[in-house]
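Before any comments, here is the structure.
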Amino acid sequence: MQHTTFNTISVIGLGYIGLPTAAMFASRRIRVVGVDVNPHTVKTINLGRIHIVEPDLDVAVHAAVQQGFLRATTKPERAEAFLIAVPTPFKGANFDPDLNYVEAAARSIAPVLEKGNLVILESTSPVGATELMAEWLAEERPDLTFPQTHGESSDIRIAHCPERVLPGKVMHELISNDRVIGGMTRSCSELAASLYRVFVEGECAICSSPRLAEMAKLTENSFRDVNIAFANELSVVCDRLGIDVWELIGVANRHPRVNVLQPGPGVGGHCIAVDPWFIVHSAPEEAKLIRSAREVNDAKPAWVVKKILDGIKEYRSLNPEGPQMFITVAFYGLTFKPDIDDLRESPAKRIVESMLSLADNLCVLAVEPNLKSLPDNLAGARLVSMDEAENADLKVLLVAHSVFRTRRPKFGMVLDFAGLWQSPVG
């Protein structure tokens with residue numbers, strides 16, 4: 001039986017994608033049961049609060065909880081549709097996809113599945129993950145039928161619909177962006193599309209298979225990664241040749257068909273820094289350019305660390321105390337992109353970690369307005385305000401937070417790896 005309306009939806013994983021998605025459905029007066037393994041997350045949400053930084057999310061969650069349309073729990077409950085939005089990291093030196101979270105989520109919802117239910121994998125995944133999820137569900141529920149064996153007549157509908165939103169603009173883009181939907185059958189796709197049309201104003205584009213939908217998301221982020229790698233490699237080349245890369249890009253982008261991106265200290269986040277490896281893993285001999293781009297971007301933080309160490313050496317050479325003098329370095333920004341609190345795969349965080357382990361006679365300050373405390377692996381640094389950082393000997397800009405735009409340091413040595421305190425030709 002195919003539902004034309006949905007009364008109860010369950011979202012598995014209440015993180016940066018799951019919680020905004022849950023709040024969006026709840027804002028359309030659909031009952032949403034959010035599931036998360038973290039009791040603190042569940043408690044926070046049930047109090048009408050949020051545990052992450054995302055503009056407008058706090059208002060949406062508070063209203064949804066107060067009105068009774070959103071509730072969080074640690075154990076899955078019955079629903080008509082289940083959306084899985086859990087992490088899909090990689091593991092090991094070979095960057096193999098880690099689907100343990102997806103498998104755990106699938107097996108956790110299996111006991112409460114009923115005939116006619118829809119299960120959607122939203123997590124960005126390697127090609128074939130949706131089909132694996134269907135197999136795990138079938139293993140747990142041999143009393144139900146699934147699309148891989150019963151096609152259109154299956155009891156359970158299964159589809160893949162990857163998130164395609166920008167942190168910091170999630171609440172807007174969930175509504176306005178097109179959705180790519182790949183069901184295991186046409187009916188699976190159509191049912192999933194009818195669910196998303198509850199709040200999506202963009203087009204719900206139906207793909208021929210979940211594999212194509214999986215590859216579409218990986219392609220989007222790999223495209224961005226390759227373009228960022230060009231900019232990052234260009235910055236390293238310009239440094240060798242004594243050219244201001246920011247001025248160069250400003251001039252080059254005057255060409256009507258050229259749009260070089262801005263370089264930075266690397267690439268972070270759960271998507272762009274991870275997804276290309278899923279393609280490389282699936283086709284290692286063919287994905288040469290994608291692998292090279294990943295290697296360029298992964299190498300950039302080490303290059304930045306070397307430039308900072310060179311800057312420290314230069315600063316000390318200008319002072320009478322010499323190579324052993326104690327200096328203070330302030331790092332501006334730790335998150336993987338501007339104006340969010342997300343540290344996942346952050347190159348800035350990795351750079352500060354390296355500096356804490358490599359440099360001697362150093363006081364490390366971190367200026368990160370989006371965090372209330374530092375993670376344990378940065379325990380050797382001190383979180384400070386911009387005013388407190390003004391007295392640092394060396395200022396290092398790693399993330400172009402908007403609050404930094406009008407607060408260029410007044411004195412001391414400055415190293416800008418985000419281009420915010422530069423004046424490129426434009």
Side-chain angles (χ1 to χ4, degrees), residues 55 124 162-170 172-180 200-203 205 207 212 215-269 271-273 275-276 279-280 286-301 303-304 307 333 336-340 347-348 397-406 408 414-426:
T124 303
E163 54 83 12
R164 306 166 78 212
V165 292
L166 183 69
K169 297 183 179 180
V170 172
H172 169 72
E173 293 200 348
L174 277 175
I175 297 172
S176 62
N177 286 3
D178 292 349
R179 299 300 297 239
V180 173
V200 172
E201 295 178 1
E203 182 180 351
C207 300
L212 195 146
M215 189 62 175
K217 176 61 185 293
L218 303 182
T219 298
E220 293 161 9
N221 283 328
S222 296
F223 174 83
R224 297 173 66 196
D225 196 45
V226 169
N227 281 273
I228 295 169
F230 177 78
N232 279 336
E233 186 169 278
L234 193 64
S235 70
V236 176
V237 171
C238 285
D239 181 73
R240 170 66 65 88
L241 300 178
I243 296 171
D244 184 335
V245 67
W246 312 102
E247 182 178 1
L248 171 67
I249 291 173
V251 171
N253 283 349
R254 288 179 176 272
H255 190 288
R257 290 174 296 282
V258 173
N259 184 25
V260 181
L261 302 182
Q262 299 295 299
V267 174
C271 290
I272 300 181
D275 297 356
I279 297 180
V280 174
E286 293 78 14
K288 295 182 175 64
L289 177 62
I290 296 171
R291 180 194 293 274
S292 294
R294 270 290 71 231
E295 291 171 347
V296 166
N297 287 331
D298 276 353
K300 190 69 183 291
W303 180 85
V304 170
K307 299 302 293 184
F336 83 80
K337 69 183 293 292
D339 302 327
I340 60 172
L397 179 64
L398 297 175
V399 185
H401 291 313
S402 56
V403 70
F404 297 157
R405 291 184 182 277
T406 56
R408 181 185 173 91
V414 174
L415 297 177
D416 181 358
F417 297 101
L420 198 63
W421 295 333
Q422 306 288 337
S423 299
V425 175

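What you see is a predicted model, and the numbers here were worked out from it, not measured in a lab. One is the number of the first residue; the rest follow in order along the sequence.
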Using side-chain heavy atoms (C-beta onward) and a distance below 4.5 Å, is [X] in contact with [Y]?
| X | Y | result |
| --- | --- | --- |
| Asn232 | Trp303 | no |
| Ile279 | Met215 | yes |
| Pro263 | Leu234 | no |
| Val226 | Phe230 | no |
| Val304 | Leu398 | yes |
| His172 | Leu166 | no |
| Cys271 | Glu220 | no |

Backbone N or O of [Y] within a donor-acceptor pair of the [X] side chain at under 3.5 Å?
| X | Y | answer |
| --- | --- | --- |
| Lys217 | Arg164 | no |
| Asp275 | Thr219 | no |
| Arg291 | Val280 | no |
| Trp421 | Phe404 | yes |
| Asp339 | Ser402 | yes |

- Please check if atom CD in Glu233 has more than 12 non-hydrogen atoms from other residues, nucleotides or ligands closer than 6.0 Å.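 Incorrect, the count does not exceed 12.
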
- Residue pair Lys300, Val236: steps toward the side-chain contact (heavy atoms from CB on, under 4.5 Å) verdict: CA-CA 9 Å; Lys300 190 69 183 291; Val236 176; 4.1 Å; yes

Tell me the closest heavy-atom pair linking [X] and [Y], and the distance in Å.
| X | Y | result |
| --- | --- | --- |
| Pro347 | Pro265 | CB-O, 3.7 Å |
| His401 | Lys337 | CE1-O, 3.8 Å |
| Ile340 | Gly168 | CG2-N, 3.9 Å |
| Val200 | Asn177 | CG1-O, 3.7 Å |
| Asp225 | Ala293 | OD2-C, 4.0 Å |
| Ile249 | Leu261 | CD1-O, 3.4 Å |

Enter the distance from [X]:[atom1] to [Y]:[atom2] here, rounded to the nearest 0.5 Å.
| X | Y | atom1 | atom2 | value |
| --- | --- | --- | --- | --- |
| Leu420 | Trp246 | CG | CH2 | 9.0 Å |
| Ile272 | Asn297 | CD1 | CG | 9.0 Å |
| Glu173 | Ile175 | CD | CD1 | 11.0 Å |

- Query: Of all residues at least two apart in sequence or in a different chain, which pass the salt bridge (charged side-chain N to carboxylate O under 4.0 Å, His left out) check with Arg179?
  - Reply: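 Partners of Arg179 by the salt bridge (charged side-chain N to carboxylate O under 4.0 Å, His left out) criterion, ordered by chain and then number, come out as Glu122.
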
- Task: Could you list the residues that satisfy side chain to side chain donor-acceptor pair (under 3.5 Å) with Arg224, not counting sequence neighbours?
- Result: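 Applying side chain to side chain donor-acceptor pair (under 3.5 Å) to Arg224 gives none.
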
